[in-house]
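Note that these values count all heavy atoms, side chains included, but never hydrogens, waters or copies made by symmetry. Note that the numbering runs from 1 along the sequence shown for the chain.
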Amino acid sequence: MHRLSLASARSKERLEALYSEYNRRCYVHPDPLEFLYDFPDPLDVEVAGFIASSLAYGNVKQILRSVSMVLTKMGPCPSAFLLNSPFNRIADTFSDFKHRFTTGQELARLLWGMRRVMERHGSLQKCFMSRLHRDDHTVIPALSAFVDNIFPGGCDFLIPAPCKGSACKRLNLFLRWMVRRDDVDPGGWDGVPPSKLLVPLDIHMHRIAMGLGLTKRKQADLRTAIEITEAFRKLSPSDPVRYDFVLTRFGIRKDLDEAALFCN
């Protein structure tokens, strides 16, 4: 396998080969994205997606367990559960919830914020779109406003505020799921151009990006996420996060070795 490098003339060809080979649903597990496939209604998909991405930190088994528990308690139509539940019912339903640093009270506040946004705008998508402008280079301005609408001030371990400099990996992961449409990402938010998306950056993707020579920055923060996205934009201007799913399979799945990306 040839070492990936954006300086190589074969970089896009190699990335496209990886995309063709691994960008398939059979490679999704274990990933909270898999929960979105259970819902045919776009409202349920965005609700499930926002919950799944918000809880996507920590051990992957714990993530899948927590997301499954929340969605099971919400029933077959999570959007209806939100729209038909007063805050007290939501809080009582998740009073004993705990996912690492996230408490049931914080989850209830998040869900209540989602409900208020859906009542006011009709959907999470319409809320996000109301603050997205054509001349925005990325989704960051709209994402900041979106967070303030759902959870004013943000919540570091649940829904961080972009204005604080966080890479906002889970929020950008949610947007990847909602905006892109292919064999893996379900899409549905057709009004948001994929070209504005940011790479969902965590420690794992940061390590891969440094190994590929996409950044020399040591911190996995918003500035680094932007730098890595710009590097990918040179290869795929209309879809800079096109290769995110494929690259993050290496090291996440036991049957794929991350070291293979860097061998000569």
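The existence of a salt bridge linking Asp255 and Arg253 is confirmed by a sub-4.0 Å separation between a basic side-chain nitrogen and an acidic carboxylate oxygen. In this structure, Arg249 pairs ionically with Asp31, as a charged nitrogen and a carboxylate oxygen lie closer than 4.0 Å.
Between Lys98 and Ser66 the shortest heavy-atom distance is O-OG, 4.5 Å. The two residues Leu36 and Pro32 come nearest to each other via the heavy atoms CD1-O, 4.0 Å. The two atoms that bring Ala91 and Ala108 nearest to each other are CA-CB, 3.9 Å, heavy atoms only. Considering all non-hydrogen atoms of both residues, Pro237 and Ser195 come closest at O-CB, 3.6 Å. Nearest heavy-atom pair, Trp112 versus Pro86, reported as atom, atom and distance to 0.1 Å: CZ3-C, 3.7 Å. Considering every non-hydrogen atom in both Pro240 and Ser238, the closest pair reads CD-C, 3.9 Å.
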Evaluation steps, side-chain contact (heavy atoms from CB on, under 4.5 Å), between Arg217 and Ile228:
CA-CA 10 Å; Arg217 287 179 53 81; Ile228 294 170; over 6 Å; no
Tell me, with the steps shown, if Asp239 and Ser236 meet side-chain contact (heavy atoms from CB on, under 4.5 Å).
CA-CA 5 Å; Asp239 189 8; Ser236 183; 3.6 Å; yes
Under the criterion side-chain contact (heavy atoms from CB on, under 4.5 Å), I'd like the reasoning laid out for Ser11 against Leu235: C-alpha separation, chi angles, the key distance, then a yes or no.
CA-CA 8 Å; Ser11 352; Leu235 293 178; 4.2 Å; yes
Would Lys12 and Tyr243 satisfy side-chain contact (heavy atoms from CB on, under 4.5 Å), going step by step from the backbone distance to the final call?
CA-CA 10 Å; Lys12 186 175 178 66; Tyr243 309 113; 3.4 Å; yes
Side chain to side chain donor-acceptor pair (under 3.5 Å) for Thr224 and Asp221? Distances and angles first, verdict last.
CA-CA 5 Å; Thr224 304; Asp221 56 14; 2.9 Å; yes
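Looking at Tyr37, its side chain does come within 3.5 Å of a backbone N or O of Val184 through a donor-acceptor pair. Under a 3.5 Å cut-off, the side chain of Arg180 and the backbone N or O of Pro194 do not form any donor-acceptor pair. Proximity of a side-chain donor or acceptor of Glu16 to a complementary backbone N or O of Glu13 within less than 3.5 Å is not detected. Asn84 contributes a side-chain N or O that, together with a main-chain N or O of Ala80, makes up a donor-acceptor pair within less than 3.5 Å. The closest donor-acceptor contact from the side chain of Asn149 to the backbone of Ala145 lies under 3.5 Å. Within the 3.5 Å criterion, the main-chain N or O of Asn23 finds no donor-acceptor partner in the side chain of Asp182. At distances below 3.5 Å, not a single donor-acceptor pair connects side-chain atoms of Asp183 with backbone N or O atoms of Arg24. At distances below 3.5 Å, not a single donor-acceptor pair connects side-chain atoms of Ser166 with backbone N or O atoms of Pro162.
Atom CE of Met69 is separated from atom NZ of Lys73 by 4.5 Å, given to the nearest 0.5 angstrom. Separating the CZ atom in Phe94 from the CE atom in Met74 is a distance of 5.5 Å, to the nearest 0.5 Å. Between Asp244 atom CG and Lys169 atom NZ the span is 8.5 Å, to the nearest 0.5 Å. For the atom pair Leu214 CG and Glu227 CD, the distance stands at 9.0 Å (nearest 0.5 Å). One distance of note links CZ of Arg170 with CG of Leu201; it measures 13.0 Å at 0.5 Å rounding. Between the CG atom of Leu171 and the OG atom of Ser53 there is a distance of 6.5 Å, given to the nearest 0.5 Å.
A continuous path of hydrophobic side-chain contacts links Met129 to Met114 [ILVMFWY only; heavy atoms under 4.5 Å]. Under the 4.5 Å side-chain contact rule for hydrophobic residues, Leu198 and Ile208 do not share a cluster. Note on Leu158: it does not cluster hydrophobically with Leu222, by side-chain heavy-atom contacts below 4.5 Å among ILVMFWY residues. Residues Leu197 and Ile226 do not share a hydrophobic cluster, clusters being chains of Ile/Leu/Val/Met/Phe/Trp/Tyr side chains in contact below 4.5 Å. With hydrophobic clusters built from ILVMFWY side chains whose heavy atoms lie under 4.5 angstrom apart, Val28 does not share a cluster with Ile252.
Taking the ring centre of Phe245 as origin, the terminal cationic atom of Arg176 falls outside the region bounded by 6.0 Å and 45° from the ring axis. Note that Arg131 lies outside the cation-pi zone of Phe128, set by a 6.0 Å cut-off to the ring centre and a 45° limit from the axis.
By the 4.5 Å heavy-atom criterion applied to side chains, Ile63 and Asn59 are not counted as neighbours. Under the 4.5 Å side-chain criterion, counting only non-hydrogen atoms from C-beta, Leu124 is in contact with Val117. Using a 4.5 Å heavy-atom threshold, the side chains of His121 and Ser130 count as touching. Residues Gln125 and Met178 have side chains not in contact (no heavy-atom distance under 4.5 Å, counting atoms from C-beta outward). At a threshold of 4.5 Å between non-hydrogen side-chain atoms, the residues Leu111 and Ile51 count as touching. No side-chain heavy atom of Val179 sits less than 4.5 Å from a side-chain heavy atom of Lys196. Looking only at side-chain heavy atoms (C-beta outward), Asp185 and Leu33 come within less than 4.5 Å of each other. Residues Arg233 and Thr138 have side chains in contact (heavy-atom distance under 4.5 Å, counting atoms from C-beta outward).
Heavy-atom contacts from other residues, nucleotides or ligands closer than 6.0 Å to NZ of Lys234 number 12 or fewer. Within a 6.0 Å radius of CZ in Arg25, more than 12 heavy atoms belonging to other residues, nucleotides or ligands are found. Other residues, nucleotides and ligands place no more than 12 heavy atoms under 6.0 Å from the CZ atom of Arg109. Heavy atoms from other residues, nucleotides or ligands lying under 6.0 Å from CD of Gln62 number more than 12.
For the 3.5 Å distance criterion, the side chains of Trp189 and Glu46 qualify, holding a donor opposite an acceptor.
The ring-ring contact (aromatic ring centres under 6.0 Å, His included) contacts involving residues 43-84 comprise Phe50-Phe146, Phe50-Phe174, Tyr57-His99, where partners must be two or more places apart or lie in separate chains. Counting only residues at least two apart or in different chains, ring-ring contact (aromatic ring centres under 6.0 Å, His included) contacts with residues 205-226 are absent.
Exactly one of Val139, Ile140, Val199 qualifies for a side chain to side chain contact (heavy atoms under 4.5 Å, CB included) with Asn172. That residue is Val139.
Between Tyr22 and Phe250, the distance separating the two ring centers is shorter than 6.0 angstrom.
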